[in-house]
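Okay, structure first, notes after.
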Amino acid sequence: MKSFWDKCKEELKKQVSRSHYEIWIEPVSIVSMDDDSIVLSVPNNYYIDRINKDYWDTLKDTVKNISKKDLQIKFIIKSAPPESETPNIIPKKEKRQGLRNTNTGLNLKHTFDNFVVGPCNQFAHAATKAIAEGHATYNPLFIYGGVGLGKTHLIQATGNFIVDKNDNRKILYITSENFVNELITSLQHKEMNKFRERYRKLDVLFVDDIHFIAGKERSQEEFFHTFNTIFESHKQIILSSDKYPREIPKLEERLRSRFECGLIADIQPPEFETRVAILKQKGEEHGVNIPQDVVEFIANKVKSNVRELEGYLSRIIAISNLKGREISLQLAEDSFKNIFKTREKVTSISDIQKGVAEYFNVKVIDLKSKKRERNITLPRQVAMYLSKELTNLSLEEIGKSFGGKDHSTVIHSQKKIERLSKENSEILMAIRQIKSSLEL
Ligand code: ADP
Ligand code: MG
């Protein structure tokens, strides 16, 4: 086993620059190995993120070349994090790392165990659990709910449960965006047979964010056939969407009617008690005990999105670590004040105009004028672009703030600056500097 890993390291050494090899690969050691998988130990979470991001393909290919098998690669953290002075630290709940299983497309960190069930998601949870346990087939199961409410988590948990249970069902998780991309590639390379074959043999197909295919004719057509094939062979299809089928604009009628013919389960924003339970669960995953008053404080501030809830919690934990302060209500209130201060700043279009005018050394009043000299039009376009990016204002509202321009002018500016910022490093630099002057 050790010599196997030594061989892999030799190989990796050739493919990764020396300094990166020494930092990221050298400290990795092998813990166990069997016919299906190898377990590698790394010093901390950063390694997993970094390897996942930059060296995943290289690592996977190397392991495959040397073992001549398609082994799953798993990571564990070598030693417990160092003891901290603060009494808030509790043993980290065992957490699977966010690695992707390349065969199924699943992210391993989403499980039923770390999904908090409440009245808001109970029905969707029960339906997915029944499928996971092999007790039921609903065709399709259609889960809908707003952004950040746990749709992806829940359907990936279903897939992971099936994989962990090792039943022989063949599954695939894909976002509909990737479905579209793969379709385009297959069409380009004239590999449609291969594309279809991949779906035909599945037992369970998960398509996340299915609304994305609406309005894309070829994709809808192909998905219709994929759907029918799986449906007719009595296999399971699970779909997620941010809307009820009937409310998805530009969705083909025949797809809509199929989506509605199975079981439809919604996920609603979590109630207060569920928000509290989620925060506690996430705190445990971080290995931090969050005091009850802090949990309730956050749960009262953020109501409609679990991702945001998590984001605020992580921020408070990060601030506590950075400043060496214990997590307390005071700390939570202070960090919220900062968050809101930045937010207000971001949403102000006049700050953006001031920032842009200062950077390009022009007057704000000129940005709002009809002047068409290039030294004014470019800054004006940058300011419109930033206004679209950094505020929630509509194109009309932005146009109005620039002396009554119409929305097509704003779109034009937005597109132009988007393009220029890719081609021209000065524009990119300007955008970065203006943003940093706005403290973003
Ligand atoms: P969606 O796909 O609906 O936009 P996600 O599944 O990506 O939302 O969820 C956003 C974040 O919130 C994820 O990190 C997820 O783990 C977390 N989350 C959502 N609902 C729950 C829940 N009930 N219990 C635990 N974590 C949750
Ligand atoms: Mg999602």
Side-chain angles (χ1 to χ4, degrees), residues 45 48-49 52 92-101 104-129 132 140-161 172-181 205-214 238-245 247-248 264-288 290 295 298-299 301-318:
N45 263 324
I48 299 180
D49 290 346
N52 211 1
K92 271 198 183 190
K93 229 186 182 185
E94 198 190 322
K95 188 180 162 193
R96 293 154 46 120
Q97 298 308 328
L99 284 180
R100 217 158 270 287
N101 176 331
T104 59
L106 290 166
N107 184 327
L108 301 182
K109 77 172 181 190
H110 290 133
T111 63
F112 282 123
D113 287 341
N114 60 21
F115 186 82
V116 175
V117 184
C120 55
N121 56 30
Q122 204 166 23
F123 186 53
H125 175 262
T128 44
K129 199 71 195 279
L141 171 64
F142 190 97
I143 298 178
Y144 78 97
V147 175
L149 294 185
K151 301 181 294 296
T152 298
H153 187 140
L154 198 53
I155 63 176
Q156 294 212 350
T158 313
N160 281 318
F161 187 96
L172 176 70
Y173 166 92
I174 191 165
T175 60
S176 70
E177 189 174 1
N178 280 342
F179 181 88
V180 172
N181 291 340
L205 170 64
F206 302 85
V207 186
D208 206 355
D209 293 326
I210 188 70
H211 51 267
F212 185 79
I213 67 164
I238 304 185
L239 306 171
S240 88
S241 162
D242 62 355
K243 292 190 186 66
Y244 194 83
E247 281 157 11
I248 302 175
I264 301 190
D266 66 335
I267 300 190
Q268 295 293 332
E271 311 73 23
F272 178 76
E273 291 78 7
T274 312
R275 298 201 293 278
V276 167
I278 291 175
L279 285 166
K280 288 195 164 159
Q281 150 86 25
K282 301 285 174 191
E284 282 178 22
E285 282 174 15
H286 282 279
V288 180
I290 315 286
V295 170
I298 307 174
K301 288 277 179 198
V302 185
K303 298 189 171 149
S304 59
N305 183 324
V306 181
R307 191 174 291 125
E308 264 184 34
L309 205 59
E310 257 189 298
Y312 284 119
L313 180 70
S314 304
R315 190 173 170 135
I316 289 170
I317 295 173

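Both ligands and their constituent atoms are indexed starting at 1 by order of listing.
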Checklist entry - Does H110 offer a backbone N or O that forms a donor-acceptor pair with the side chain of Q156 under 3.5 Å? => result no
Next on the checklist: As a check for students: among I155, V306, V116, identify the option with a heavy atom nearest to atom 23 (N) of ligand 1.
Outcome noted: V116
Item to check | For L149, atoms of ligand 1 separated by under 4.0 Å from a heavy atom | outcome: 1 (P), 3 (O), 8 (O), 19 (C), 20 (N)
Checklist entry - Who's the nearest protein heavy-atom neighbour of atom 2 (O) of ligand 1, and how far? => result T152 OG1, 2.7 Å
Checklist entry - To which of K109, R275, H153 does the heavy atom nearest atom 6 (O) of ligand 1 belong? => result H153
Checklist entry - CD/E284 to CG/L279 distance, rounded to the nearest 0.5 angstrom? => result 11.5 Å
Checklist entry - Hey, is the main chain of L149 close enough, under 3.5 Å, to the side chain of R307 for a donor-acceptor pair? => result no
Checklist entry - Would you say L154 and ligand 1 have an N/O pair spaced under 3.5 Å apart? => result no
Next on the checklist: Does the Lys NZ or Arg CZ of K129 fall within the cation-pi geometry relative to F112 - under 6.0 Å from the ring centre and within 45° of the axis?
Outcome noted: yes
Item to check | Min heavy-atom dist G145 to ligand 1 below 4.0 Å | outcome: no
Next on the checklist: For I278, which part has a heavy atom under 4.0 Å from ligand 1: side chain, backbone, both, or neither?
Outcome noted: side chain
Checklist entry - Quick one: nearest non-hydrogen protein atom to atom 8 (O) of ligand 1, plus distance? => result G150 N, 3.0 Å
Checklist outcome for this item: Interatomic distance, SG@C120 vs CD1@I267, rounded to 0.5 Å, equals 8.0 Å
Next on the checklist: Over 60° means perpendicular and under 30° means parallel, so tell me whether F206 and Y173 are parallel, tilted or perpendicular.
Outcome noted: tilted
Checklist entry - Any side-chain heavy atom of D242 sitting closer than 4.5 Å to one from D209? => result no
Item to check | N/O separation below 3.5 Å, G148 to ligand 1 | outcome: yes
Checklist entry - Considering only heavy atoms of G146, which atoms of ligand 1 have at least one such atom less than 4.0 Å away? => result 3 (O)
Item to check | Per-atom contacts, ligand 1 versus N114 - under 4.0 Å to a heavy atom | outcome: 24 (N), 25 (C)
Checklist entry - In Å, rounded to the nearest 0.5 Å, how long is the span from NZ of K280 to CD of E285? => result 15.0 Å
Checklist outcome for this item: for atom 7 (O) of ligand 1, nearest protein heavy atom and its distance come out as R307 NH2, 2.8 Å
Next on the checklist: So for K282, does at least one of its heavy atoms come nearer than 4.0 angstrom to any atom of ligand 1?
Outcome noted: yes
Checklist entry - Is there side-chain contact between V180 and I213, with at least one heavy-atom pair below 4.5 Å? => result yes
Checklist outcome for this item: Short version for E310: what comes under 4.0 Å of ligand 1, heavy atoms counted, is side chain
Item to check | Validation row: T104, L172 side chains within 4.5 angstrom (heavy atoms) | outcome: no
Next on the checklist: Using only atom types and a distance under 3.5 Å, with no angle test, would you say the side chain of D208 pairs donor to acceptor with the backbone of L239?
Outcome noted: no
Checklist entry - Which is it for N121 and ligand 1 at heavy atoms under 4.0 Å: side chain, backbone, both or neither? => result side chain
Next on the checklist: When you measure from the Mg ion (ligand 2) to the N, O or S atoms of T152, does any of those distances fall below 2.8 Å?
Outcome noted: yes
Next on the checklist: Can you confirm, on distance only, whether ligand 1 has an N/O atom lying under 3.5 Å from any N/O atom belonging to Q281?
Outcome noted: no
